[in-house]
Amino acid sequence: MWSRHKTYQRQNMFLVFFVFGLVLVCIFTRLGYLMMYRADYYGVRAKELHERERKIKAERGKILDRNGNLLAGNRSVSTISVIHSQMKEPEKVISVLSKELGMSEEVIRKKVEKVSSREKVKSNVDKETSDRIRNCKLAGVTVDEDYKREYKYDSLASKVLGFTGGDNQGIIGLEVTYEDYLKGQDGSILTMTTAFGTEIENGAEERVEPIPGWTLNTSLDLTIMEYVDQVAETLLKKKNAKSVEIIVMNPKNGEIYAMTSVPEFNLNDPYTLLEESTGLTDKQKNEKLNAMWRNGCVSDTYEPGSTFKILTTAAALEKGVVKMTDRFQCPGYKMVEDRRIRCHKTTGHGSESFLDGIKNSCNPVFIEVGARVGVKSFFEELSIFGALKKTGIDVPGEAVTIMHKEENVEAVELATISFGQSFQLSPIRLLTCAASIINGGKSITPHFGVSVKSADGTMMKRFSYPEGDTVVTKETSDLVREALGKVVSEGTGKNAGVKGYTVGAKTGTSQKLPRGNGKYIASTIGFAPVEDPQVIALVRIDEPEGLYYGGTVAAPGISTLYTNVLPYLLDKE
């Protein structure tokens with residue numbers, strides 16, 4: 001019995017030693033594998049456990065006008081954060097930060113007591129405040145360099161330039177379109193920490209310097225922008241209008257010198273509504289903010305009225321269905337099927353040539369001319385002009401033209417289209433079509449972006465845009481320009497004239513839907529000089545009070561604008 005017991009004990013001990021040995025073999029095998037084959041991987045992991053990365057914000061690229069004037073830049077600010085594991089005097093931290101940052105102690109306390117590697121307390125802190133906090137040398141409080149976007153002229157061209165969000169990314173306008181060029185590349189600081197995540201004082205740091213964003217050079221002209229803003233604000237107040245839109249562009253290449261849609265908003269305070277609104281839900285406020293930020297020159301559509309007769313004239317001349325000397329009869333209306341469509345002069349213009357019809361902005365003349373062109377040919381020409389598609393302008397939110405389907409257009413629809421009603425397009429779309437017709441007949445793409453340069457001034461990229469396709473022949477272009485010049489010198493656009501310069505223009509008045517509501521849009525397109533256009537502009541007044549005809553209220557806006565702009569643009573030495 002005793003012998004069998006001894007044998008049993010020896011077997012158990014052997015089993016124990018065998019298992020123990022097997023475990024040791026496995027451990028050493030695994031250890032060898034980790035040391036020989038996974039050393040690099042775990043070396044990196046160990047380093048990561050003892051390093052903390054802090055971002056260094058890159059300075060956002062500037063936005064300049066065509067003469068190098070600063071439109072959007074940056075100012076130095078800081079981001080204040082707290083690190084729970086490094087906190088030594090939490091009550092002092094709470095007291096100092098509450099006082100300096102103007103935040104309640106309750107809010108600060110929640111951030112200080114939160115167990116996290118880093119908790120942001122406040123961003124966009126001005127330099128003076130951040131310097132005072134830094135000088136307090138509070139353990140567990142970090143002050144990191146940052147930048148805040150700053151717009152030198154507050155509301156000037158706000159809906160074109162756009163603004164940036166809390167992390168300095170573009171929200172609307174050029175800031176969004178050119179985000180990839182403007183944003184730059186953040187740098188970083190890697191600091192050594194203990195196993196508990198506490199930064200080691202005087203520990204080695206690895207610093208990767210940030211790369212600033214590129215400077216955006218635009219076609220905007222600060223001087224013209226200021227003229228445009230003054231005219232728009234004056235018209236808005238004088239006519240107590242809903243809004244006023246003005247675009248000034250180079251008709252030869254599509255460079256936009258100025259664009260405004262007043263009322264504009266303050267770029268340095270973009271989340272404050274222009275009108276006091278209390279008791280709004282978040283959804284209601286967001287809707288009002290989006291409406292406030294909306295660029296009416298690009299994102300809104302409207303019935304252009306008689307300004308569209310520029311396109312009807314060009315289409316008819318291109319198709320060879322009319323000559324400037326052709327005679328027409330205007331009794332004050334035109335019957336189209338069972339519809340009596342009136343002329344703005346209810347007593348009629350009597351016998352007149354096509355040129356007279358253009359000068360008089362006579363609807364019956366254009367109804368007949370439109371009928372001569374015909375539906376199929378009219379739509380062919382509109383397509384060539386680009387009127388049925390977007391312009392491709394380099395700001396977001398461009399609206400598409402709202403037009404009848406060609407197969408649904410009958411005599412009445414063709415008649416109303418011919419003088420600019422029963423469809424809608426955007427102001428920038430209409431102006432671009434008009435520019436292409438009067439510039440010699442070449443297509444252009446409206447745009448703001450010209451080039452981008454690195455922070456040291458090195459040219460990085462010049463932007464190019466589609467242009468050069470034939471829209472109309474030079475002969476047609478010349479005839480349209482001359483006719484529009486006579487609209488100013490002899491016709492309905494007299495109020496757009498400027499002493500000492502030849503100006504061509506077409507006025508327009510359209511009634512907003514529903515018909516009979518008493519709300520109108522007055523507009524005028526004007527260019528100069530007639531012989532060789534260097535500038536073209538559109539003035540649109542939405543819901544003017546009192547007199548509402550384009551020739552009466554919008555044409556004077558062109559005159560006032562060009563009285564300043566033409567000497568500036570054309571008389572430079």
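The residues of the chain are indexed from 1 along the displayed sequence. For clarity, every value in this text was computed on a predicted model and none was experimentally measured.
Side-chain N or O atoms of Thr234 include one that pairs as donor or acceptor with a backbone N or O of Gln230 at under 3.5 Å. Put simply, the side chain of Glu398 gets close to the backbone of Gly392: a donor and an acceptor are under 3.5 Å apart. Using a distance-only test at 3.5 Å, with no hydrogens or angles considered, a donor-acceptor pair links the side chain of Thr391 to the main chain of Ile393. Looking at Lys288, its side chain never comes within 3.5 Å of a backbone N or O of Leu273 through a donor-acceptor pair.
Relative orientation of the Tyr568 and Tyr227 rings is perpendicular, given thresholds of 30° and 60° on the angle between their planes.
The pair Glu119-Lys114 meets the salt-bridge criterion, with a side-chain N (NZ, NE, NH1 or NH2) lying under 4.0 Å from an Asp/Glu carboxylate O. Under 4.0 Å is where a charged nitrogen must lie from a carboxylate oxygen, and between Arg75 and Asp126 no such pair does. Electrostatic pairing of Arg109 and Glu91 counts as a salt bridge here, judged by a charged N lying under 4.0 Å from a carboxylate O. Ion pair Asp186/Lys57 not flagged as a salt bridge, since none of the NZ, NE, NH1 or NH2 atoms sits closer than 4.0 Å to an Asp/Glu carboxylate oxygen. Taking 4.0 Å as the cut-off between side-chain N and carboxylate O, Lys285 and Asp282 do not count as a salt-bridged pair. The pair Asp532-Lys252 counts as a salt bridge, with a side-chain nitrogen and a carboxylate oxygen less than 4.0 angstrom apart.
Residues Lys159 and Asn295 approach most closely at O-ND2, 3.7 Å, considering heavy atoms. The two residues Val96 and Cys136 come nearest to each other via the heavy atoms CG1-SG, 4.1 Å. Closest non-hydrogen pair, Ala258 versus Ile224, comes out as CB-CG2, 3.9 Å.
Atom OH of residue Tyr302 and atom CG of residue Asp542 lie 10.5 Å apart, to the nearest 0.5 angstrom. Atom CD of Glu467 is separated from atom CD1 of Ile444 by 8.0 Å, given to the nearest 0.5 angstrom. To the nearest 0.5 Å, atom OG of residue Ser95 and atom CG of residue Leu138 are 9.5 Å apart.
For Asn168 and Thr164, the side-chain atoms include at least one donor-acceptor pair closer than 3.5 Å. Side-chain contact annotation: Arg66 with Asn217, donor-acceptor N/O pair under 3.5 Å absent. No hydrogens or angles considered: a donor-acceptor pair under 3.5 Å links the side chains of Thr79 and Asp146. Residues Ser219 and Glu255 have side chains that never bring a donor and an acceptor to within less than 3.5 angstrom of each other. At a cut-off of 3.5 Å, with distance as the only test, a side-chain donor of Ser130 or Ser78 sits close to an acceptor on the other residue. With no hydrogens or angles considered, a side-chain donor-acceptor pair links Thr470 and Lys442 at under 3.5 Å.
Under the salt bridge (charged side-chain N to carboxylate O under 4.0 Å, His left out) criterion, Arg60 pairs with Glu175, Glu179, sequence neighbours left out.
Under the 6.0 Å cut-off for aromatic ring centres, Tyr257 and Phe448 do not qualify, their centroids lying 6.0 Å or more apart. Between Trp214 and Tyr178, the distance from one ring center to the other does not fall under 6.0 angstrom.
For residues 259-271, the pairs satisfying side-chain hydrogen bond (donor to acceptor under 3.5 Å, both in side chains) are Asp154-Asn268, Ser158-Glu264, Glu245-Ser261, Thr260-Glu264, Asp269-Thr272, with sequence neighbours left out.
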